[in-house]
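A, B, ... follow the sequence lines: proteins, then strands. Residue 1 opens every chain.
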Amino acid sequence: MKAMPPMSRKVRFAYFIFFAVVFVVAIPVVSLYASGYRLGENFSLVKMGGVYVHTSQNGARLSLNTKVERVLSTFDRGFFIQNLKPGNYFITVSKEGFISWEKDIRVKEGLVTEISAFLLPRAIKLEALFEVGSATSTRSAEFRKIGELFASPDRTELSVATTSAKALSPLLTKDRPLVRFKTAVWKENGAVYASWKDSSSELPHFFCVALECKETIRVFESADPIGQVDFYPGRQDTLLIGVPQGIVAVGIDQTSPRYALPFYTRHDIDFRVQDNERVFIKEDGVIYEAII
Amino acid sequence: MDYRKTPYYRVGRASDLTGFDRILYRALEMLVPALSWTTLLGAIILSYRLPVYAAIFIIAFDLYWLFKTTYLSIHLRQNWTRLQRHLSFDWSEMLSRLRHEHLYHLVLLPFYKEDEVVLEKALQGLLDTRGDKKRMIVVVGGEERAGKEARERALRLKKRYEGAFGYFLVTTHPSDVLGEMPGKGSNISYMAEEVRKEVLDPERIPYAHVLVSAFDVDTVPYKDYFLVLAWHFLTAPKPFQSSFQPVPMYNNNIWEAPAFSRVVALSATFWQMVQQERPEKLATFSSHAVCFKTLYEMGYWQKNIVSEDSRIFWGAFLAHNGAYTVVPLSYPVSMDANLAPTFWETVRNVYKQQRRWTWGVENVPYILFGFIKNPAVPFWKKIRMSFVQVEGFWSLATNPLLIFLLGWLPVTLGGSAFNQTLLSYNLPIVTKYLMTAAMFGLLFSAIISWKMLPPPPAHVRRRNKIFMVAQWVLVPFTLIFFGSIPGLDAQTRMLFGKYMGFWVTPKHHVATRSKGGSIS
């Protein structure tokens, strides 16, 4: 019986050399892989690209060129697809009960094209709140506040504390645009424009098409008069725009096909968005809340 | 060259030297902290200016961490096997084949203000070991600055236990001795000299026959420790040019200590076990042993520094021109995991203890300076050991921060041009996979730590046993808050010349805690 000696230096050195060699080989392999390089034909290195689609709709399906690639799980905040050869791809994000969202995107080598999917419910439910001018409309502070939203055209929000309009209430003009999420939105000559207002930070991806970015974008234009404009609740890249036929949801992103989806189709209606959360529609003198 | 006769042998800090030596020593003191801070700040600046290179550096670093932890876990597994074998041996039978009856064991138990219960546990631990207690010299050494009550405590224990051992001394280290830093080093040096004057010389016991075990007051050796030590001493190729290192296990109160304290303690044990498989990289740490002859020739432990446990090795290494080793015993001694009456006090104590341990960086300038001044140490040995020491302290302070906190820096600071690249998207994914793979080693650590546990006391609830495995998820947290940060704290103090003094880790007996039961 003898005391067991430590591992011999020879054995340790062999392990060390093995791991050192693997380490030296692994660095370029993993770095190149992470940068998008893949082995192509004849062992040549090919640089791939990727796409990242923002969406938080649990269960949404992503298809690339009509082939279903992924289904979004609970913990995901988007789809990240890599190993894409540079070129054009047709992306669809779909979910039952929602209007499918589609875009043509261009994938460039070594880069990730970033885009946000917007899934609009096929049918918006409305909940009637009160009739304008009725006793109910003034009974609660909440209803009064909602009523005041509609008190003046183009006025999006009023302070509850004062009855007079806030001096800085937006008028949706270039001089007094609606500013939210560092994006200014206004109407001009039959079009709706969006402009990025924070020169100290980078432009968000929806101001870019194929990685080329602009600070000001013409989001929507119409021969018909454009009514109220506001941000879709919870989104900084989608606007709700009032048109004579109803309300449409329009993406700021100019990547084609640009979408103008029917949010609510009725003539002679008005709408307001409160606290970036709730959408109220005024139709035939009745105020409804849209349940999104 | 007899390095012991040089003015450099006992240098504690740059101000102990003069002229160019002082400047050089000071520069060497700043080397490791400067490297650590340059690495961390460099990672931040690189992430901002050259995010692609920073991202590749982080990938390379993650790979380095993965392979290093795998490589070290092989050593851990090997030492675990060795430890188990050594625990199963009949050392009495092994020792009986060697002439050993002439050996004495001198056990040094320094204390400060610890309870009598803690001291008594240490003494009882000695009695529970195998071997002839009549050839054991026990010294319980207090500090004058601890007050009269401390000495009286020791004297009461002497009255109770002196009959059980060959010799039992109680010493009181005088305070305010010129040139000494209050702490363990100065105390145990005093204790050793008192034994020499009071026992060894009067009894004519040859110094070469005395094996000195420098313990902490909470050290409880396993059953055959003294037999294992004697066997390794008698079979060492150069016993008078060797120190002997057991494996410190923090099992005395492992069931009572909070989870993070256990993880920190076990991590220290695992590191020692890894080093036991690499004896050429091993330095003495905490409880260790050496022959009295060697110790006396070295002038005992250095009295003007904090990390006397490792300095005794480095001083001996330089004094012997590189021909000095540590013999790994691969046999355990048990000590206390950090445990205070309240949770936050335990947090504070663990932090301070880790900071004191990482103050071992004070040895780096001593070693490098000694290598410059002592041409007799073989060149490649100098290079290898310099690299090991510098890399060791650098990685302790920086690696966990780089891996767990800075992996996202290029993505945050790199700008939109970088953030559009596949590399920026893949960096967190690659880091996640590599770190997950590295964490698999924790599974192995959890298994070993489970097997190392002593039987649980009766009051321990079943869920605490599950915590003993689940606690390993705290590793990323403990590596940073009880590894990197105290390491950086100590190194930064060294960088600015704010030298630390010795901080005594409070030892609390479980019964003195305000509430019973575990607090995991």
Side-chain angles (χ1 to χ4, degrees), chain A residues 1-9 11-38 47-52 78-84 86 107-114 201-205 207-208 210-213, chain B residues 52-53 55-64 66-68 70-72 74-75 77-79 81-86 88-91 93-94 97 228 231-232 235 275-282 327-331 415-417 419-427 429-431 433-434:
Chain A
M1 201 162 47
K2 257 178 84 168
M4 189 172 157
M7 226 180 349
S8 74
R9 285 186 85 155
V11 169
R12 285 190 284 127
F13 188 67
Y15 276 122
F16 175 78
I17 293 296
F18 170 75
F19 283 113
V21 166
V22 173
F23 172 65
V24 167
V25 168
I27 293 175
V29 168
V30 176
S31 301
L32 287 172
Y33 183 88
S35 302
Y37 287 94
R38 303 290 183 268
K47 203 167 186 184
M48 308 293 241
V51 61
Y52 188 88
F79 297 99
F80 175 49
I81 312 281
Q82 55 178 324
N83 299 323
L84 297 175
V107 171
K108 291 187 177 176
E109 59 177 36
L111 299 175
V112 174
T113 303
E114 194 178 350
S201 66
E202 306 283 350
L203 281 164
H205 64 272
F207 276 86
C208 308
L211 303 168
E212 287 163 23
C213 306
Chain B
V52 172
Y53 292 101
I56 293 173
F57 169 74
I58 286 165
I59 289 173
F61 202 86
D62 290 345
L63 285 166
Y64 159 76
L66 170 63
F67 293 132
K68 183 176 176 180
T70 309
Y71 174 67
L72 293 179
I74 293 171
H75 292 68
R77 200 162 56 109
Q78 177 71 12
N79 191 256
T81 305
R82 198 149 77 97
L83 199 79
Q84 287 188 293
R85 272 188 75 175
H86 284 189
S88 70
F89 281 176
D90 183 350
W91 288 94
E93 196 274 328
M94 285 177 62
R97 301 181 210 159
V228 173
W231 188 91
H232 280 85
T235 57
Q275 295 298 78
Q276 296 249 327
E277 292 304 306
R278 316 193 290 175
E280 75 280 0
K281 293 185 168 71
L282 187 58
V327 175
L329 300 181
S330 269
Y331 195 85
S416 65
N419 284 340
Q420 288 169 2
T421 63
L422 257 179
L423 182 59
S424 81
Y425 277 81
N426 277 323
L427 180 62
I429 296 171
V430 167
T431 301
Y433 284 135
L434 290 175

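- Contact annotation for Leu63(B): both backbone and side-chain heavy atoms come within less than 4.5 Å of a heavy atom of chain A.
- Interface remark: Pro28(A) contributes no atoms to any contact with chain B (heavy atom separation under 4.5 Å).
- Between His86(B) and Trp91(B), the ring planes are perpendicular. Angles over 60° get that label, and only those under 30° would be called parallel.
- When heavy atoms are compared at a cutoff of 4.5 Å, Gln420(B) approaches chain A by way of both its backbone and its side chain.
- Heavy-atom neighbours of Tyr37(A) OH from other residues, nucleotides or ligands within 6.0 Å: at or below the threshold of 12.
- Ring-centre distance between Phe57(B) and Tyr53(B): not below the 6.0 Å cut-off.
- With a 4.5 Å cut-off on non-hydrogen atoms, Arg85(B) touches chain A through its side chain but not through its backbone.
- Chain B forms more heavy-atom pairs under 4.5 Å with one residue of Lys47(A), Arg12(A), Lys108(A), Glu114(A) than with any other, namely Arg12(A).
- Contacts of Tyr33(A) with chain B are made by backbone atoms alone, with heavy-atom separations under 4.5 Å and no side-chain atom involved.
- Ranking Asn79(B), Leu422(B), Asp62(B), Thr70(B) against chain A, the residue ahead of the rest is Leu422(B), based on heavy-atom pairs under 4.5 Å.
- Note on ring orientation: taking the six-membered ring where Trp is involved, the planes of Phe67(B) and Phe19(A) are tilted (angle from 30° to 60°).
- No close placement of the Phe18(A) and Tyr15(A) rings is indicated, their centers lying 6.0 Å or farther apart.
- Per-residue counts of heavy-atom pairs under 4.5 Å with chain A were compared for Ile74(B), Ile429(B), Leu427(B); the largest is that of Ile74(B).
- At a 4.5 Å heavy-atom cutoff, Leu66(B) makes no contact with chain A through either its backbone or its side chain.
- Between the side chain of Arg9(A) and the backbone N or O of Glu280(B), no donor-acceptor pair lies under 3.5 Å.
- Between chain B and the residues Gly50(A), Gly49(A), Gly36(A), Gly110(A), the most heavy-atom pairs under 4.5 angstrom are made by Gly110(A).
- Between the Glu109(A) side chain and the Pro86(A) main chain, no donor and acceptor come within less than 3.5 Å of each other.
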